[in-house]
Amino acid sequence: RSPEALGAVVAELVEWLRAPEQEGLRRSFAVWVKRVLLPARLPGIDLPNVTNLQEVNTMLAERVMEWTEQWKEQGLQQGLQRGLQRGEAALLARLAERRFGPLPASARERIEGADAETLLRWGENLLAAQSLDEIFTDP
């Protein structure tokens, strides 16, 4: 459910499989965790080369806080970008309405679905547009 929970499970596995005769099973779990579980649960994370379950446990203990901070920062950046884009879309729609009257649903949907660069281009088009359709055309 979380990197912390994953670390706790791996720590339990290390404890359960500590007997010398379970070396092969520890190695198999380490390979599975590194090649299957971690890439599926933690996409985009650079994983060091670990060869046994204790190394996986140590790596998780050291990196969980770092990864969590990275994810928080990425989430913050994505949230800011979405917020800016929504603000740009709302401003363009409002200005277009003030100039040309109520927007048809298709124009509003187009504005709300546009990326930031397109919104900027349409905003510039609005300055010289004589009709609503001219906003959405390339110069």
Side-chain angles (χ1 to χ4, degrees):
R1 294 184 183 179
S2 70
E4 293 84 3
L6 179 59
V9 169
V10 170
E12 285 294 321
L13 274 173
V14 168
E15 184 63 28
W16 289 343
L17 302 174
R18 67 180 168 195
E21 62 271 9
Q22 294 172 328
E23 172 62 31
L25 192 52
R26 286 194 306 268
R27 193 174 322 111
S28 294
F29 265 114
V31 169
W32 178 77
V33 167
K34 182 178 187 311
R35 291 186 184 167
V36 178
L37 184 64
L38 290 178
R41 297 285 182 199
L42 308 171
I45 295 298
D46 183 33
L47 301 170
N49 189 19
V50 290
T51 57
N52 67 51
L53 205 51
Q54 182 58 49
E55 289 176 348
V56 170
N57 187 38
T58 302
M59 180 263 308
L60 285 173
E62 292 172 352
R63 301 265 177 108
V64 163
M65 293 301 288
E66 176 186 328
W67 292 338
T68 302
E69 289 303 315
Q70 287 175 356
W71 294 328
K72 284 180 186 178
E73 184 63 30
Q74 289 171 352
L76 178 61
Q77 291 301 321
Q78 289 172 351
L80 287 171
Q81 186 64 32
R82 280 192 207 123
L84 287 171
Q85 192 166 338
R86 287 180 182 160
E88 290 171 349
L91 179 61
L92 178 61
R94 187 170 183 177
L95 292 174
E97 279 186 333
R98 295 229 0 165
R99 183 143 186 208
F100 300 112
L103 296 179
S106 61
R108 187 169 296 284
E109 288 172 9
R110 209 167 163 192
I111 290 170
E112 290 172 358
D115 61 34
E117 188 171 318
T118 301
L119 289 169
L120 288 174
R121 189 174 67 247
W122 289 347
E124 291 170 353
N125 290 351
L126 177 65
L127 296 173
Q130 298 300 313
S131 70
L132 184 61
D133 289 336
E134 288 182 21
I135 294 173
F136 304 111
T137 60
D138 288 326

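The structure presented is a predicted model; accordingly, all values stated were derived computationally and were not measured.
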Does the side chain of [X] reach to within under 4.5 Å of the side chain of [Y], using non-hydrogen atoms?
X	Y	answer
Glu97	Arg108	yes
Gln85	Leu119	yes
Leu13	Val56	no
Thr118	Phe136	no
Trp16	Gln22	no

Compare every heavy atom of [Y] with every heavy atom of [X], then report the nearest pair and how far apart it is.
X	Y	value
Val14	Leu53	CG2-O, 3.7 Å
Ala96	Ile135	CB-CD1, 3.9 Å
Leu92	Trp122	CD2-CB, 3.7 Å
Leu132	Ala107	CD2-CB, 4.1 Å

Side-chain donor-acceptor distances from residues 25-33 under 3.5 Å, at least two apart:
from  : atom 1 : to    : atom 2 : distance (Å)
Arg26 : NH1    : Leu17 : O      : 2.6
Arg26 : NH1    : Ala19 : O      : 2.7
Arg26 : NH2    : Glu23 : OE1    : 2.5
Ser28 : OG     : Gly24 : O      : 3.0

Checklist entry - Does a side chain donor of either Glu73 or Gln77 reach within less than 3.5 Å of an acceptor in the other side chain? => result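 Distance-only check passes for Glu73 and Gln77.
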
Checklist entry - With a cut-off of 6.0 Å (strictly less than), are more than 12 heavy atoms of other residues, nucleotides or ligands near CZ of Arg99? => result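 Counting other residues, nucleotides and ligands, CZ of Arg99 exceeds 12 neighbours.
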
Checklist entry - Between CG of Asp115 and CD of Gln81, what distance do you get to the nearest 0.5 Å? => result 9.5 Å

Item to check | Inter-residue atom distance Asn125.CG - Asp133.CG, 0.5 Å rounding | outcome: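 Here the interatomic distance stands at 12.0 Å.
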
Item to check | Verify same cluster id: Val36, Val10 (apolar side-chain graph, 4.5 Å) | outcome: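 Looking at the clustering, Val10 is in the same group as Val36.
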
